[in-house]
Protein chains: 2
Amino acid sequence: MDHGKPREADHPEGSDVIDLGRLEIRPDEYAVTVDGERLALTVRELQLLVALARRRDRIVTREELYAAVWRKPYRPDERSVDVYVRKLRRKLAFALPGWEFIHTHFGFGYRLSPSHSQVFHTPATRG
Amino acid sequence: MDHGKPREADHPEGSDVIDLGRLEIRPDEYAVTVDGERLALTVRELQLLVALARRRDRIVTREELYAAVWRKPYRPDERSVDVYVRKLRRKLAFALPGWEFIHTHFGFGYRLSPSHSQVFHTPATRG
DNA sequence: GGGCGGTTTCACAGCTTCTTCACAGGAGGA
DNA sequence: TCCTCCTGTGAAGAAGCTGTGAAACCGCCC
């Protein structure tokens, strides 16, 4: 007897697969893959990544992220979000060098958008 | 030799043979073989192995495993799954040295995937 | 009853992850 | 440029999870 997985119940805007290009997230399976290979994340890391990914391309405040992941009252001096953003950035940078996923918006919060970082020498941009 | 058996596939239930390389499971016959030789497992051990094998390569929570094998309400401090994972690991390690089958996902659960035991961790990203 | 194999529970060691802190580094405005 | 506030980061202790041996428990058979 398969009891179905709790989906929408647990996850606000639940979808089975979040496609971020080479990065793929399957929240219901606790799985994050890069080019099909599994990326090892801890519980918090996964939760935060999912929370960001579900709000893709939008600036999300720390407070909203904290509410989504930690589910307890947010203190204004809370730094957990920052710390886990760093952890995620490191793992993602290792798995996908040259890509940037989590962008900082000073004074506002974070935004997840897969994008190439121009760390390599590039010919001047021309219109 | 291999006449019309339903291939084990992605569908959890109703698989006749689960092929894990040198390890083969025939749930309907209560049989587990290594290189064709029968491996002696107790009922619980077999049930747990089958439950994991039918969810191959996926992280399975203790709760789901407990539901599949024990079929009674799961207490959050329940340790039976861990104990039987250990029993299975021991017997499998003895039968197939150098292979690892049951992987722990801290905070999530267990995952069955046949793989060589190499130290092959993500060197990055801790702390 | 006593022995036997299997199952469940228990206690604790060991390890991983989470939270918090302190300070360094940057961004933005005056 | 200087000052202030915000974010990045490493480290350390706290908290939580898993591994493990052994004892307790259970049903079955002699």
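Residue numbers begin at 1 in each chain, while the letters A, B, ... track the order of the sequences. Bear in mind that the values here come from a model prediction, so they are computed numbers and not experimental data.
- The distance between atom CZ of A:R71 and atom C1' of C:dC18, rounded to the nearest whole Å, is 17 Å.
- When heavy atoms are screened at a 4.0 angstrom cut-off, A:V43 is found touching the sugar-phosphate backbone but no base atom.
- Across A:K91, A:R86, A:R90, a single residue satisfies salt bridge (Lys or Arg N to Asp or Glu O under 4.0 Å) together with A:E45, and that is A:K91.
- Here the P atom of nucleotide C:dC10 and the OH atom of B:Y84 are 15 Å apart, to the nearest Å.
- Between A:D82 atom CG and C:dA22 atom P there is a gap of 16 Å when expressed in whole angstrom units.
- B:T42 has a side-chain polar atom (N or O) that falls below the 4.0 Å cut-off from OP1 or OP2 of C:dT7.
- Here the shortest heavy-atom pairing between B:H105 and B:I59 reads ND1-CD1, 3.4 Å.
- Between B:Y110 and the phosphate of D:dG19, there is a side-chain N or O to OP1/OP2 separation shorter than 4.0 Å.
- Put simply, A:R86 has no side-chain N or O that comes within less than 4.0 Å of OP1 or OP2 on D:dG8.
- Rounded to an integer number of Å, the gap from CD of B:E100 to P of D:dG19 is 12 Å.
- An OP1 or OP2 oxygen of C:dT19 is reached within less than 4.0 angstrom by a side-chain nitrogen or oxygen of A:W70.
- When the nearest nucleotides of DNA chain C are assigned to A:L41 and A:D77 by heavy-atom distance, the more 5′-ward of the two goes with A:L41.
- The shortest distance between the side-chain N/O atoms of A:R89 and the OP1/OP2 oxygens of D:dG8 is below 4.0 Å.
- For the pair B:Y66 and C:dT8, the criterion of a side-chain N or O lying under 4.0 Å from OP1 or OP2 is not met.
- Taking only side-chain nitrogens and oxygens, B:T104 never comes nearer than 4.0 Å to OP1 or OP2 of D:dC17.
- Rounded to an integer number of Å, the gap from CD1 of B:I102 to P of D:dT20 is 12 Å.
- Atoms OH (A:Y30) and P (C:dT17) sit 17 Å apart, rounded to a whole Å.
- For A:R90, no side-chain nitrogen or oxygen approaches OP1 or OP2 of D:dT9 to under 4.0 Å.
- Rounded to whole Å, atom P of D:dG19 lies 15 Å from atom NZ of B:K87.
- Considering only side-chain N and O atoms, B:R79 lies nowhere under 4.0 angstrom from the phosphate OP1 or OP2 of C:dT9.
- In the model, A:T104 has a side-chain atom that pairs as donor or acceptor with a side-chain atom of A:R89 under 3.5 Å.
- Between B:E78 and B:F106, it is B:E78 whose nearest contact on DNA chain C lies nearer the 5' terminus.
- Ring orientation note: the planes of A:W70 and A:Y84 are nearly perpendicular, at an angle over 60° on the 30°/60° scale.
- In this entry the distance linking CZ of A:R75 with C1' of C:dC21 reads 11 Å, nearest Å.
- Judged by distance alone, the side chains of B:R62 and B:Y110 do bring a donor and an acceptor atom under 3.5 Å apart.
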